[in-house]
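The structure appears right after this line, and notes come after that.
Protein chains get the first letters and strands the later ones, always in sequence-line order, with residue 1 at the start of each. Just so it is clear, the structure is predicted and the values come from calculations on it, not from any experiment.
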Protein chains: 2
Amino acid sequence: MVTARRTGLREQKKQATRQALREAALRLALERGPDNVRVDDIAEAAGVSPRTYNNYFSSREQAIVAAVTAERESRVAAAVAARPAGVRLADAVIDAIVEQYTDPGEHDRDALLLITTRPVLRDAFVDAAAAIEHPLTDAIADRLGGSGRDTARVLAASVAAAVRVALERWTRWTAAASPAAGGLVVPSGSLPDLLRAALAPLTPALDAAEERRAAAPEN
Amino acid sequence: MVTARRTGLREQKKQATRQALREAALRLALERGPDNVRVDDIAEAAGVSPRTYNNYFSSREQAIVAAVTAERESRVAAAVAARPAGVRLADAVIDAIVEQYTDPGEHDRDALLLITTRPVLRDAFVDAAAAIEHPLTDAIADRLGGSGRDTARVLAASVAAAVRVALERWTRWTAAASPAAGGLVVPSGSLPDLLRAALAPLTPALDAAEERRAAAPEN
DNA sequence: ACGCAAACTTGCGTACACGCACTTTTTGTA
DNA sequence: TACAAAAAGTGCGTGTACGCAAGTTTGCGT
């Protein structure tokens, strides 16, 4: 298992507060528009003090965006770990990421529209992808065997960087396409395509790392 | 040329202000300790209004750190561009980075000590490495030929991520080593070594990109 | 069941980041 | 040389981030 959950009740409440905060943040942002939401409002809606809010999120944008990106980090790592051991590392990583970033239905549709519209939220959304680095490090390290932790870290960081590039491109053209006609589709503009395109250049590095693991058997 | 400088006098003054600000920030931080420096002080020392200060730097830490990392971004890109065309891309990039991150003498010695001590400054210092991404994208794109701009972007982002990892490790053990005996040296703890180790896993990706460029001649 | 230690919450105070509207400086052009 | 447009500097106001030092809750050993 990659996910090592600590003790029970305390962590449980913490996650509950976290969720309450991000959901309140998103809901209010959608209702009133993001500029008409104060952190006090979010805190109040979540039933905690404003100070506590800042113990969970270090910017207002982060809280709003978190409602969409919530837990995606650990899910990506889990998805990588879930691939059969025979699968090539590069495929496991890329497929897992594409899978987790595939639009999960209508629910966040308007949320994403709101986010991609405002530059500040766009940036926060893109930056949120960096959170996959540490879980992904663990997942890759597991596949490489204990010897390659340092390599896994670098690869995970690179993958996160590539994802960030893809998201930047995606938010770019969604912003450009929205004001125009709704039917205009940019060549290779879908998020999965962008992700695969951005991650492709890293495939040789992932392959090579896996190769060296095969050469140096265990630890 | 990678460096396309715009008009003259305006940009000149801008850079002068920038330099004045970061030097004032560092000097005051060294004199009084970083916690006893207000942005008003920095602005005053540089001869601009506090508001202008915030047009240049979006955090106090950024300004202090900038005095050490100043222009390293563009110098890395220039160093990559300066390597002969026959050199392998991976070597050009890695050597250029190591060269530019080699400690440049006693001048910043105490500054780096100050920075690596305080966690907030450490983070800012590490984050500053992300600035190499865009210049490096241009430099790599030049070597790949016009076709591979997107690939160059991903590779540059990955390289920047690897550098960040190396810097994190470096600041980690400098922080751990300083309080202890001064003579304690961690295995492969020098910054150049850490950089090469962190960048090594990306070599296959850089090679592959270069290879494909050879296959598809020009544009 | 008890109580201590660690973790989380909270209020307060301070400094900071940044949008906006306005003034001053620089640039390109007639 | 003169002038209009663009860019940079500035003052102001508002909301925000975060350190600190309480107070409160949870976990755990006995």
State whether the side chain of [X] and the backbone N or O of [Y] hold a donor-acceptor pair below 3.5 Å, judged by distance alone.
X       : Y       : answer
A:Asp41 : A:Arg38 : yes
B:Ser58 : B:Asn54 : no
A:Thr17 : A:Lys13 : yes

Nearest-Å distance for atom pair [atom1]/[atom2], residues [X] and [N]:
X        : N      : atom1 : atom2 : answer
A:Glu11  : D:dT26 : CD    : C1'   : 12 Å
A:Lys14  : D:dT25 : NZ    : C1'   : 14 Å
B:Gln15  : D:dG9  : CD    : P     : 11 Å
B:Leu21  : C:dA17 : CG    : C1'   : 15 Å
A:Arg118 : C:dG19 : CZ    : P     : 13 Å
A:Tyr56  : D:dC18 : OH    : C1'   : 16 Å
B:Arg10  : D:dA6  : CZ    : C1'   : 6 Å
B:Asn55  : C:dT24 : CG    : C1'   : 14 Å

Is B:Ser49 close enough to D:dT10 that one of its side-chain N or O atoms is under 4.0 Å from OP1 or OP2 there?
yes
Short side-chain N/O contact to C:dT26 OP1/OP2 from B:Lys13, under 4.0 Å:
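Yes, within the criterion.
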Output one line per pair: protein atom, nucleotide atom from nucleotides 12-17 of chain D, and distance, for all N/O pairs under 3.5 Å.
| unit_1 | atom_1 | unit_2 | atom_2 | d |
| --- | --- | --- | --- | --- |
| D:dG15 | OP1 | A:Arg38 | NH2 | 3.1 |
| D:dT16 | OP1 | A:Val39 | N | 3.4 |
| D:dT16 | OP1 | A:Arg60 | NH1 | 3.4 |
| D:dA17 | OP1 | A:Ser58 | O | 3.4 |
| D:dA17 | OP1 | A:Arg60 | N | 3.1 |
| D:dA17 | OP2 | A:Asn54 | OD1 | 3.3 |

Do the side chains of B:Arg169 and A:Asp150 get nearer than 4.5 Å, heavy atoms only?
yes
Salt-bridge criterion met for A:Arg164 and A:Glu168 (N-O under 4.0 Å):
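Result for this pair is yes, salt bridge flagged.
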Between B:Thr69 and B:Glu73, the two heavy atoms sitting closest are O-OE2, 3.2 Å
